[in-house]
Student: 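Following this message is one structure expressed as structure tokens.
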Number of protein chains: 2
Amino acid sequence: MLSRSEEDHLKAVYSLLQEGADAFTNDVATRLHTKPSSVTVMLKKLADKGLLKHQPYRGVRLTAKGRGLALMLVRKHRLWETFLVDRLGFAWDEVHEVAEQLEHISSEKLVDRLSHYLGEPAFDPHGDPIPDRDGKLPERPTLQLTDCAVGDSVRLVAVKDPSDELLHLLGGKGIGIGARLKLVARHAFDGSFELHTAPKTTHTLSAQVAAHLLVERP
Amino acid sequence: MLSRSEEDHLKAVYSLLQEGADAFTNDVATRLHTKPSSVTVMLKKLADKGLLKHQPYRGVRLTAKGRGLALMLVRKHRLWETFLVDRLGFAWDEVHEVAEQLEHISSEKLVDRLSHYLGEPAFDPHGDPIPDRDGKLPERPTLQLTDCAVGDSVRLVAVKDPSDELLHLLGGKGIGIGARLKLVARHAFDGSFELHTAPKTTHTLSAQVAAHLLVERP
DNA sequence: TCCTTTATTTAGTCCTGTCTAATCTTTTTC
DNA sequence: GAAAAAGATTAGACAGGACTAAATAAAGGA
Ligand SMILES: [Mn+2]
Ligand SMILES: [Mn+2]
Ligand SMILES: [Mn+2]
Ligand SMILES: [Mn+2]
């Protein structure tokens, strides 16, 4: 049985590794708004429990067991986010905080029932993949909006590393998962995009925003 | 902001007082499966926060603020139980443990949305009243099955102080909230009841069980 | 290479929540 | 109305989790 703090540390390590970076003490501390010294202690505990290998000064690798547990946490987090948005009508930029609490509720039955209730969703409200009960992740397209050309017409499938601020910005322009985006111009000066959403509404997206948008061709 | 432990202590005090007993250190400790010395410490903390008055050796009374907070915890607990049974298909004897965790999730918006989603229910799966967002409790009938006479036909509206074991026993006989019960005999020897449920099925309920059943005449 | 900077770990402290053992109050019993 | 029993509080210890400050290791530059 892991404590809430142990679970949060494990999940932080998992997502750092997932993002391609290797997991260093400082990064974990930054992500959890805590201090490196605290992280070192927690990593030692998780290592003692066989969930990861910690090479002092060299970072961390997850064991199979640790990866499995982390995936179950991610599963819970994203299922709860889906519940909050799909069933309770939360906005997609309001759910992270609450899901951060709900993911620690421990009941296997609850998770499985919730998933079933929601229709075994494969993606959460931000387009992030939801691991199934065996820890398998569905595939997600990797085409970034920044790699698209003027004239392309694409559909938004996910917002990468979504912060509430970014989600709020997109929401304000009426852009959500599934939105059709037609690229009409790109400014050389700052890399920003002009694009049409549904009924000839034009929006401008900065290059920073565009880099977070994953899309697919229809 | 209260810790999980503080919340559990406050709720324990509330339910003891609700049940008519006055709240003594030992009772709280028993209810929380903890030791009296630990309870004393927590009562002091809650008193410092203005949630209750603690007269050493004399027990505890809630302040208005403390009662209000306790009611919000009860509200959350019973709403989550309702969600688990009505939406996720849990049995009524499987939800207490999980609701004990879920009640500590802190988000006012979540509670209100959940209540709305469930149709602003006034009673939980055990027939216990759910406080509204202002802390107002709906009325519940107080007629006990033990006060009924042979020949009476009544409807089950609540199981008082339901333990999972009691709920499981009733569930096994197909008796749930709303069930019609027709009393056909009562044994002088042990006070046990013979009664019919729906289609001429006869069941026997001990006096101990009957004392927990709240019913109303149709 | 050696020195400086940065990253990380270790040591020591504090706060919370729990426990056991000892002490103190209140209630019961004779 | 004492003495015993029961109930409650206090004192002291410990584990978990977090922080600051000090020590140590790795990396980079002169
Ligand atoms: Mn969390
Ligand atoms: Mn998400
Ligand atoms: Mn609880
Ligand atoms: Mn209940």
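All of these numbers come straight from a predicted model, not from anything done at the bench. Here is how names work: the chains are called A, B, and so on, in the same order as the sequence lines, proteins then strands, and each is numbered from 1.
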Student: Ion pair present between E6(B) and K49(B), side-chain N to carboxylate O less than 4.0 angstrom?
Tutor: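 Salt bridge between E6(B) and K49(B), a charged N being under 4.0 Å from a carboxylate O: yes.
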
Student: Separation of E6(A) atom CD from dA15(D) atom P, in whole Å?
Tutor: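 Going from E6(A) (CD) to dA15(D) (P), I get 15 Å.
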
Student: Provide, to the nearest angstrom, the distance between the CZ atom belonging to R4(A) and the C1' atom belonging to dA18(D).
Tutor: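 Spelled out: CZ on R4(A) to C1' on dA18(D) is 15 Å.
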
Student: Using the ring of each side chain (for Trp, its six-membered ring), is F83(A) parallel, tilted or perpendicular to Y117(B), with breaks at 30° and 60°?
Tutor: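 Ring orientation, 0 to 90° scale: perpendicular.
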
Student: Which residues satisfy the ring-ring contact (aromatic ring centres under 6.0 Å, His included) test with H104(B), sequence neighbours excluded?
Tutor: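 Partners of H104(B) by the ring-ring contact (aromatic ring centres under 6.0 Å, His included) criterion come out as none, since no residue qualifies.
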
Student: Rounded off to whole Å, could you give me the CD-to-P distance for the Q55(B) and dT9(D) pair?
Tutor: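 Taking atom P of dT9(D) as the reference, CD of Q55(B) is at 11 Å.
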
Student: Rounded to the nearest angstrom, tell me the gap between atom NZ in K44(A) and atom C1' in dA18(D).
Tutor: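 Rounded to whole Å, this separation is 17 Å.
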
Student: Between S38(A) and dA18(D), is there a contact of a side-chain N or O with OP1 or OP2 at under 4.0 Å?
Tutor: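 S38(A) to dA18(D) OP1/OP2: no side-chain N or O under 4.0 Å.
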
Student: Can you tell me if CZ on R4(A) sees more than 12 non-hydrogen neighbours from other groups inside 6.0 Å?
Tutor: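 Yes - once you tally the heavy atoms of other residues, nucleotides and ligands closer than 6.0 Å, there are more than 12.
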
Student: Pull out every stem in DNA chain C, meaning runs of 3 or more consecutive Watson-Crick or G-U wobble pairs with both distances under 3.5 Å.
Tutor: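 DNA chain C forms these stems: C:1-30 with D:1-30.
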
Student: Would you classify S5(A) as touching base, sugar-phosphate or nothing, given that sugar-phosphate means primed atoms plus P, OP1 and OP2, and contacts are heavy atoms under 4.0 Å?
Tutor: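 Answer is sugar-phosphate: S5(A) comes under 4.0 Å of backbone atoms only.
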
Student: May I ask you to check if R113(B) and F90(A) form a cation-pi contact, with NZ or CZ under 6.0 angstrom from the six-membered ring centre and within 45° of the axis?
Tutor: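 Yes; both conditions hold, so R113(B) lies above the ring face of F90(A).
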
Student: Could I get the full list of salt bridge (charged side-chain N to carboxylate O under 4.0 Å, His left out) partners for R140(B), not counting sequence neighbours?
Tutor: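 R140(B): salt bridge (charged side-chain N to carboxylate O under 4.0 Å, His left out) contacts with D128(B).
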
Student: How long is the line joining NZ of K35(B) and P of dA21(C), in whole Å?
Tutor: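 After rounding, the gap between these two atoms is 11 Å.
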
Student: Assuming nearest nucleotide by heavy-atom distance, tell me which of S37(A) and S3(A) is located more 5' along DNA chain D.
Tutor: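 Here S3(A) is the residue nearer the 5' end.
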
Student: Regarding E194(B) and H187(B), do their side chains bring together a donor and an acceptor under 3.5 Å, going by distance alone?
Tutor: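 Indeed, the side chains of E194(B) and H187(B) share at least one donor-acceptor pair under 3.5 Å.
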
Student: What is the distance from atom NZ of K11(B) to atom CZ of R31(B), rounded to the nearest 0.5 Å?
Tutor: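 Reported to 0.5 Å precision, the distance equals 9.0 Å.
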
Student: Salt bridge (charged side-chain N to carboxylate O under 4.0 Å, His left out) with R61(A): which residues, sequence neighbours excluded?
Tutor: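 Applying salt bridge (charged side-chain N to carboxylate O under 4.0 Å, His left out) to R61(A) gives none.
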
Student: In whole angstroms, how far is the P atom of dA8(D) from the NE2 atom of H54(B)?
Tutor: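 In whole Å, dA8(D) P lies 9 Å from H54(B) NE2.
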
Student: Within residues 10-31 of chain B, find the residues that approach DNA chain C with a heavy atom at under 4.0 Å, and present them sorted by residue number.
Tutor: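 Close to the strand, none.
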
Student: Tell me: CG of L2(A) to P of dG16(D), nearest whole Å?
Tutor: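 In whole Å, dG16(D) P lies 13 Å from L2(A) CG.
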
Student: Do H126(B) and H96(B) have a side chain donor and acceptor closer than 3.5 Å?
Tutor: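 Their side chains do not contain a donor-acceptor pair, so the 3.5 Å distance test is not met.
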
Student: Whole angstroms only, please: what is the CE-P distance between M42(B) and dT10(D)?
Tutor: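 Atom-to-atom, M42(B) to dT10(D), this comes out as 15 Å.
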
Student: Are any protein N/O atoms closer than 3.5 Å to N/O atoms in nucleotides 23-26 of chain C? If there are, list each pair with its distance.
Tutor:
| residue | atom | partner | partner atom | Å |
| --- | --- | --- | --- | --- |
| dC24(C) | O2 | Y57(B) | OH | 3.3 |

Student: With R75(A) as reference, evaluate D124(A), D112(A), D134(A) under the salt bridge (Lys or Arg N to Asp or Glu O under 4.0 Å) test and give the passing residue.
Tutor: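 Checked D124(A), D112(A), D134(A) against R75(A); only one passes salt bridge (Lys or Arg N to Asp or Glu O under 4.0 Å): D112(A).
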
